[in-house]
Amino acid sequence: MSVSAIAPPGPPLWLLAEVTYRCPLHCVFCYNPLDFAKTERADELSTREWLRVLREARALGAVQCGFSGGEPLMRDDLEELIAEAHRLGYYTNLLTSGVGLTKERAAALKAAGLDHVQLSFQDSTRELNDFLSHTKTFQLKQEVGETIKSLGWPMVMNVVIHRLNIDHIDRIIAMADALGAEYLELANSQYYSWAHLNRDHLLPTSEQIRRAEAITDEWRAKVADRMKLFFVAPDYHEGKPKKCMNGWGNVFLTITPDGTALPCHTAKMLPGLAFPNVREHDVRHIWFDSEGFNRYRGTGWMKGACVTCPDKEKDLGGCRCQAFLLAGDPAATDPVCPKSERHGVVQAAVAAADAGEVPVRPLVFRDPKASRTLIG
Ligand code: SF4
Ligand code: SF4
């Protein structure tokens, strides 16, 4: 067993508070679980419970706190949670679609000590932004961008990139520049949850990726003095497993709306693994002692090609959710890796995209009705 398989973990550095799955948008690539509708509003952690989680995670050493969802602004107590996170000394971050961020609410969040707002767009055109989210939110997002600037927050924009919007990359960057963004994350979709369901519609062609990267590089040189551009390449095309979440139970502690604690926001799909809940255990126990957080820490759990691979400390075998979705085994080598026995599945998906094959299933929008239909 290697050293990293037995070394005790450090504290969580990032607390990701998924305060609700409620969201007015219906994005086709949403990373919320397919069965998100099982978590009703009444199941969500109360304000008191969240305040306790914030305190316990901070006492353990967490320094960054991201408020996410769903749309975190759907919670009326967000100001209170952020004020407490600020008081505790976290660097606080709001990940939002912009819906609900009125001027009044933004001012209240600023006063509560919110450090950073990350605003997501679906596209640079009203038509596609509104189609992909199944809402009329493009204009509102523009206004929210102006509000963020006017309150002196750094302007951080995020756009999930996929086949349907990747050819707009030039316009997307131009829009971010016009809005005064200091950071733009062009994150190629990861194919879990709703994006996995819709993968045959969303996976870009290899040529689209090449073009988008070249255009991003040109812009990077042009706007170097005012905007940082991050192009997160898709692992399907790169053939390189990612060190998912910077290592299982290594940096990130995600708490879902009902209090389930996860090493990554999609890990609940993995079979044969019980994840602890903050209603039953404190954060220290969850992080250090629970089966859910220890199962895939380090490298000792690996099998197949990963066991003897010289890169195993670098990528920790890739993503467990992807291994489960594509190989049917969460402990398998991530199939995006060319050494995986199941790599052919990934190659076939990319080949189908490159050949322009028309998907058989219609696009599914993320909404409670679709969620309930899918879980039966
Ligand atoms: S991806 Fe879209 S639907 Fe999902 S939580 Fe974010 S804004 Fe809402
Ligand atoms: S075999 Fe395993 S450790 Fe090696 S590169 Fe592939 S996923 Fe990473």
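By convention here, the first residue in the shown sequence is residue 1. Atoms within a ligand are numbered from 1 in the order they appear, just like the ligands themselves. All values reported here derive from a predicted model rather than from experimental measurement.
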Practice task
Assign the ring pair Trp248 / Phe275 to parallel, tilted or perpendicular, where the plane angle (0 to 90°) is split at 30° and 60°.
Solution key: tilted
Fill in the blank from the handout: Per-atom filter on ligand 2: closer than 4.0 angstrom to a heavy atom of Cys306 are 1 (S), 2 (Fe), 3 (S), 7 (S)
Exercise for the section: Answer whether the closest heavy-atom distance between the side chains of Tyr191 and Leu203 falls below 4.5 Å. Expected result: yes
Handout entry: NZ/NE/NH1/NH2 to OD/OE distance under 4.0 Å, Asp334 and Lys242
Key = no
Handout entry: Test ring-ring contact (aromatic ring centres under 6.0 Å, His included) applied to Phe365 and Phe131, step by step
Key = CA-CA 10 Å; Phe365 290 85; Phe131 171 74; 5.5 Å; yes
Practice task
Can you sort out which atoms of ligand 2 are near Lys312, meaning under 4.0 Å from one of its heavy atoms?
Solution key: 3 (S)
Fill in the blank from the handout: Looking at Asp315, the N, O or S atom sitting nearest atom 8 (Fe) of ligand 2 is OD2
Problem - Heavy atom of Glu71, distance to ligand 1 below 4.0 Å - result: no
Exercise for the section: Give the residue, atom name and distance (to 0.1 Å) of the protein heavy atom nearest atom 4 (Fe) of ligand 1. Expected result: Cys30 SG, 2.4 Å
Practice task
List the closest protein heavy-atom neighbour of atom 8 (Fe) of ligand 1: residue, atom name, distance to the nearest 0.1 Å.
Solution key: Cys23 SG, 2.4 Å
Problem - Atoms in ligand 2 with a heavy atom of Cys309 nearer than 4.0 Å - result: 1 (S), 3 (S), 4 (Fe), 5 (S)
Exercise for the section: May I ask you to identify, for Pro241, whether its side chain, its backbone, both or neither come under 4.0 Å of ligand 2 on a heavy-atom basis? Expected result: side chain
Exercise for the section: Would you mind checking if Asp329 and Lys303 are paired as a salt bridge, meaning a charged N to carboxylate O distance below 4.0 Å? Expected result: yes
Handout entry: Residue Thr333 vicinity, atoms of ligand 2 by number, heavy atom under 4.0 Å
Key = 2 (Fe), 7 (S)
Exercise for the section: Can you spot which of Leu229, Ile169, Leu186, Ile172 makes a side-chain contact (heavy atoms from CB on, under 4.5 Å) with Trp219? Expected result: Leu229
Exercise for the section: Starting from atom 2 (Fe) of ligand 1, locate the nearest protein heavy atom and write down its residue, its atom name and how far away it is, to 0.1 Å. Expected result: Cys27 SG, 2.4 Å
Handout entry: Min side-chain heavy-atom separation Lys222-Glu218 under 4.5 Å
Key = no
Practice task
With heavy atoms of Gly317 as the reference, note each atom of ligand 2 found under 4.0 Å away.
Solution key: 7 (S)
Problem - Proximal atoms of ligand 1 relative to Gly70 (non-hydrogen, under 4.0 Å) - result: 5 (S)
Exercise for the section: Report yes if some heavy atom in the side chain of Val223 is under 4.5 Å from a heavy atom in the side chain of Lys228; otherwise report no. Expected result: no
Fill in the blank from the handout: ring pair (Phe, Tyr, Trp, His ring centres under 6.0 Å) with Trp14: of Phe252, Trp287, Tyr91, only one passes, and it is Phe252
Practice task
Indicate if the distance from atom 6 (Fe) of ligand 2 to the nearest N, O or S atom of Cys337 falls below 2.8 Å.
Solution key: yes
